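Here is the structure we will look at.
Fair warning: this is a prediction, and the values are worked out from it, not measured in the lab. In what follows, chains are A, B, ... by sequence order, proteins preceding strands, each numbered from 1.
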There are 2 protein chains.
Amino acid sequence: MFKKVLLAEDFQDTNLGIVDTLKTKLHIQEIREELYCDKALNRLKGAHSNNSPFELLITDLHFKEDHVERKITSGVELIRAARKLQPNLKVIVNSMEDNPVKINPLFKEENIDAYVCKGRHSLEELVKAIQEVYHNRTYYSPQINLNVSNNVFELDQFDLDILKDLANGLTKKEISEKLKSQNISPNSESTIDKKVSRLFDEFGAKNTNHLIAKLIKLGKI
Amino acid sequence: MFKKVLLAEDFQDTNLGIVDTLKTKLHIQEIREELYCDKALNRLKGAHSNNSPFELLITDLHFKEDHVERKITSGVELIRAARKLQPNLKVIVNSMEDNPVKINPLFKEENIDAYVCKGRHSLEELVKAIQEVYHNRTYYSPQINLNVSNNVFELDQFDLDILKDLANGLTKKEISEKLKSQNISPNSESTIDKKVSRLFDEFGAKNTNHLIAKLIKLGKI
DNA sequence: CAATCCCTTACGCTATTCTGTAAAGGATTT
DNA sequence: AAATCCTTTACAGAATAGCGTAAGGGATTG
């Protein structure tokens, strides 16, 4: 089993429960906890330069703001910095995020080893995840699949650009003019109208406000 | 000190940390934990009819959905049902919500005794909150005020309701009609216009799309 | 008591959105 | 070559958004 584990998590009470469980159920010898990303990274660096590196990082995704100044503010940034320092470091993300649209990129882009969704069984799941990761397998909280949105529809780059512009407050006329100035075709206001109207149908939106709200919540834009 | 405490919280790991702390630091004899609101209420009822009622309820606000069918789905509903059964029950809310607009009504409408915001010091705060409540005083997490100052402008419930309706695709006319049917005032289309226009200025938005996108990304709606 | 401020509401005007129809051109099929 | 499909585009009309002005009422101030 892992001998040296780092836990980055800003909820003090959660922290305590996890540390206790890992010690009693998995007999992990050394578990360090840090409440801030910056401090977690410093601890990784220190251990690395002392030739006694951590083997596993368990981190949350969202860290609350505070009076303390911070350079790194999210779990993803912490993972990137940690992997830059120590590419073979195993990483488990433990967060309350249950949107697969947000979680799947963690496996694809950040190559995390496991995702545990905080909830009623997260301690048992975390134990299982650590065991799986220790044997070089991945783990994914089962209840996430239940919440999967059944949207198979994929937005292409043209759709995405239009939607982002709309979310940034541009009118369709302005978007049309922007595309023309960039020599991107198609670019007519009419076509933009048609594209967006089709997205209304695809995502069941009543109007642009509704569409943008849905897509931002889905993490698509 | 309290002798019998009920903890309603759907995050298993949080639960463990809290129970451990309350036992060791406050020497509370009996602490029951429940992962579902319904079960928590049942336990309150059972203890009440056995003439050994709970003295304190510590509850979260949001409970995740599950395969289990539930009647009560939020902390507020649990508090109301609990107070109906046992009006003198002390209540502490322990949640990650840090928006004063959401928290203040808990004191005003639900007469809760303390609010502890989950975070880096929530365990110490919870201990302090319990001690205060035991002496018939109220407690309010100090960092909540700090988080307010970041955002000079605060959205009141009326603004929030309008924004959520807009994000759900309702037109201003429809929102006006909805408010009228609910006998909520003000309710004219003109006032809704004015409210939203003021939010454009406050948040530097060009139009409704822009405003909604910004506020969703800020986690306000 | 009058003056003032703030909030709500009505109204009017222009810009934009949303929804159709239709025409033109390219690509594919028959 | 003809028919068909798809995309782009223009245009038109009704609904909605966005913004200014103005009037009325309640609360506060001088």
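Contact check, A:T208 against C:dT17: no side-chain N or O comes under 4.0 Å of OP1 or OP2.
Within residues 175-187 of chain A, no residue has any heavy atom under 4.0 Å from DNA chain C. The stretch residues 162-173 of chain A does not touch DNA chain D, since none of its heavy atoms comes less than 4.0 Å from the strand.
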Where do N or O atoms of nucleotides 21-28 of chain D meet protein N or O atoms at under 3.5 Å, pair by pair?
| from | atom 1 | to | atom 2 | distance (Å) |
| --- | --- | --- | --- | --- |
| D:dT21 | O4 | B:K194 | NZ | 3.3 |

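If you check distances only, the side chain of B:D193 does reach the base of D:dC19 with a donor-acceptor pair under 3.5 Å.
Remark: A:E97 does not engage A:K102 in a salt bridge, criterion side-chain N to carboxylate O under 4.0 Å.
Applying the ring pair (Phe, Tyr, Trp, His ring centres under 6.0 Å) test to residues at least two apart or on different chains, none of the pairs has a partner in residues 163-202 of chain B. Residues in residues 72-84 of chain B take part in these salt bridge (Lys or Arg N to Asp or Glu O under 4.0 Å) pairs, two or more places apart or across chains: B:R80-B:E110, B:R83-B:D113. Residue pairs meeting the salt bridge (Lys or Arg N to Asp or Glu O under 4.0 Å) criterion with at least one member in residues 125-141 of chain B, sequence neighbours excluded, are B:E132-B:R137. Applying the salt bridge (Lys or Arg N to Asp or Glu O under 4.0 Å) definition to pairs two or more places apart or across chains, none involves residues 181-190 of chain A. Sorted by first and then second residue, the salt bridge (Lys or Arg N to Asp or Glu O under 4.0 Å) pairs with a member in residues 9-19 of chain B read B:E9-B:K118; sequence neighbours excluded.
B:F107 is linked by a ring-ring contact (aromatic ring centres under 6.0 Å, His included) to B:Y140, counting only residues two or more places apart in sequence or in another chain. In terms of the salt bridge (charged side-chain N to carboxylate O under 4.0 Å, His left out) criterion, residue partners of A:K172 (sequence neighbours excluded) are, by chain and number, A:D193. In this structure, the ring-ring contact (aromatic ring centres under 6.0 Å, His included) partners of B:F2, at least two apart in sequence or on a different chain, are B:Y134. The salt bridge (charged side-chain N to carboxylate O under 4.0 Å, His left out) search around A:E33 returns none, not counting sequence neighbours.
Listed nucleotides C:dC18, C:dT9, D:dT8 differ in distance to A:F200; the shortest reach to its side chain belongs to C:dC18.
Between the P atom of D:dT9 and the CD1 atom of A:I192 lies a distance of 9 Å, rounded to the nearest Å.
Residue A:K195 is in sugar-phosphate contact alone, with no base atom involved, counting any heavy-atom pair closer than 4.0 Å across all strands shown.
Side-chain contact between A:F203 and A:L155 is present, with heavy atoms from C-beta onward closer than 4.5 Å.
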